[in-house]
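Atom set for the values below is all heavy atoms of this structure, side chains included, hydrogens, waters and symmetry mates excluded.
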Amino acid sequence: TDSDPSTEPFNSQEEGGDQENKGAVQRKGCLDRWFSPMDKGSFRAGVLSLTATAIGGGVLTLPYVCKTCGIGLGLIMLFLGFLSALWSFSLLVKANERAGGCKTYKEFCTKCGGRGLHLAYDFSVIFTIFGSLIGYQVIVADMVQAVLRGFGCTNPEELRLYHIIGTSIIVIFPICLLWSINTLRYATLLSIGAVIYTSILLVVELPFYWNSEKAEKEIKYFYFSPEIFGAFGITFFAFYCQVGFFPAIENLEKYDTLHINKLVKRSLYFDIFFYSIIAITGYLSTFESTPDLVVTRKPFPPYSYDVFLMIAQISIAGALCITIPLNFVPLRTSIFNHIFSNQELTYTKTILASAIFTVASGILTVFLPDITSVLSIVGGIGCVAISYVIPLLAYLSTFPELRLTGYINIIIGAVISALGVGSALNGLIKALQCAKKIIIRLN
């Protein structure tokens, strides 16, 4: 019997097919390819899926990276993050090809590294998702404060505790009770839309900030300090999309190495282009006054409020309030699989898990108000483990015969891991300092 090409991964050559139809496909113009309906399994759908995994609220901290390290060094770090992601995906693609083509990251880890690598992946995902959710809640809290400030509240920081509690009880906890995330499947697109709107706003408003009389146009190009480690962690977090690799390629019509590599590169090209725009326009608008989150900046003089900026703040806060439960559901499932022998999901377990998560994340959001420290820790530990260490270990176990190449890859992985550890330590020190200040203030 003839086998189905879609079930045979990494075919190097096309078999069969109508030559006339192939010619017709090749004669399609750019507009036809770009704007034709996006079917499931299409190349563009895969690119969009992988890109959507990377882009989130964390990219709004990239202008702060340029402020901390200088715009020159900041852009170099972005490019290094891009190259690191390319290296990581090259290992994933090669190891996945030798493993026979896997449908999930868990299956990939099990086939390449056995139960040990599978467990390492599970715990890394739990840490990364939980840390990311804390970061998202910090961003939501910062957005609410910025909106309150726009409406004339002179000291919204004093209300931070109350609106964190309100958001957790009224919004996050009820949505976390959902058994399925199918009803929230478009939340990621809402988040991307909010970030894209924000990036367009940054470009449009750049001349107004630049030409304002009070603008401090002293550009810092290179600046070296311990903060550079935290900046690397934020960069690793920005390019964290390896978990979306297998869902993006699972239903590809042309499931071969050539098209998979092309899909990955297209996605990363879009990421680096998009990130560079946000980093450059955000930093060149406010320079040394650039805040942790670029959308919490003050309106350009002489205006006291910016309606368009408030729209960005509200849209980001709303999208992340839905994205938090969207990520919590798989986190809940993963934790249940490790804790309970009976993995059946009951309503009592759902309520208990949602309540514990809401309380724990709310407390950490109160005591960790610095988004850069959260992203430095998560990016330095969780993202480095999932995006670089695990693909490297899988590659080494599937290609033991490539000794020279293996040594080179080990050196690259060791450098990235060292930067990740430095980022986590930098973020932890900043987090403890922030928590100490808050405890003193509460007392």
In terms of side-chain heavy atoms, does [X] have a donor or acceptor partner in [Y] at a distance below 3.5 Å?
{"X": "Glu227", "Y": "Thr68", "answer": "no"}
{"X": "Ser88", "Y": "Ser387", "answer": "no"}
{"X": "Lys430", "Y": "Thr372", "answer": "yes"}

Identify the heavy atoms of [X] and [Y] that sit nearest to each other, and give their distance.
{"X": "Ile390", "Y": "Cys109", "answer": "CG2-SG, 3.7 Å"}
{"X": "Ala146", "Y": "Thr296", "answer": "CB-CG2, 4.2 Å"}
{"X": "Gly135", "Y": "Ile371", "answer": "O-CD1, 3.4 Å"}
{"X": "Gly406", "Y": "Leu396", "answer": "CA-CD2, 3.8 Å"}
{"X": "Gln242", "Y": "Leu92", "answer": "CG-CD1, 3.9 Å"}
{"X": "Asp370", "Y": "Ser373", "answer": "O-OG, 2.7 Å"}

Heavy-atom check, side chain of [X] versus side chain of [Y], under 4.5 Å:
{"X": "Lys265", "Y": "Leu268", "answer": "no"}
{"X": "Pro63", "Y": "Ile278", "answer": "yes"}
{"X": "Ile71", "Y": "Phe222", "answer": "no"}
{"X": "Val389", "Y": "Ile416", "answer": "no"}
{"X": "Phe232", "Y": "Met77", "answer": "yes"}
{"X": "Leu258", "Y": "Lys262", "answer": "no"}
{"X": "Tyr275", "Y": "Ile55", "answer": "yes"}

Distance flag, aromatic centroids of [Y] and [X], threshold under 6.0 Å:
{"X": "Phe245", "Y": "Tyr105", "value": "no"}
{"X": "Phe287", "Y": "Tyr283", "value": "yes"}
{"X": "Phe236", "Y": "Tyr388", "value": "yes"}
{"X": "Phe173", "Y": "Phe357", "value": "no"}

ask   = Charged N to carboxylate O below 4.0 Å: is that the case for Glu97 and Lys111?
value =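 Judged by the 4.0 Å cut-off on N to carboxylate O distance, Glu97 and Lys111 do not form a salt bridge.
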Taking atom [atom1] of [X] as the centre, does the number of heavy atoms from other residues, nucleotides or ligands within less than 6.0 Å exceed 12?
{"X": "Tyr223", "atom1": "OH", "value": "no"}
{"X": "Phe229", "atom1": "CZ", "value": "no"}
{"X": "Lys220", "atom1": "NZ", "value": "yes"}

Open item on the list: Run the side-chain contact (heavy atoms from CB on, under 4.5 Å) test against Ile314 and tell me which residues pass, sequence neighbours left out.
Closed with: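 Checked Ile314 against side-chain contact (heavy atoms from CB on, under 4.5 Å); matches are Val147.
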Just jot down the salt bridge (Lys or Arg N to Asp or Glu O under 4.0 Å) partners of Arg160, sequence neighbours excluded, or say none.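 Scan of Arg160 (salt bridge (Lys or Arg N to Asp or Glu O under 4.0 Å), adjacent residues dropped) gives Asp142.
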Salt bridge (Lys or Arg N to Asp or Glu O under 4.0 Å) partners of Lys298, counting only residues at least two apart: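 For Lys298 there are no salt bridge (Lys or Arg N to Asp or Glu O under 4.0 Å) partners, ignoring immediate neighbours.
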Do Lys254 and Phe43 meet the cation-pi criteria used here (NZ or CZ under 6.0 Å from the six-membered ring centre, within 45° of the axis)?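 Not satisfied by the 6.0 Å and 45° rule.
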Problem set entry | Cation-pi check, Arg297 onto Tyr209 ring (under 6.0 Å, within 45° of axis) |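 Because its charged atom sits under 6.0 Å from the ring centre and within 45° of the axis, Arg297 does stack over Tyr209.
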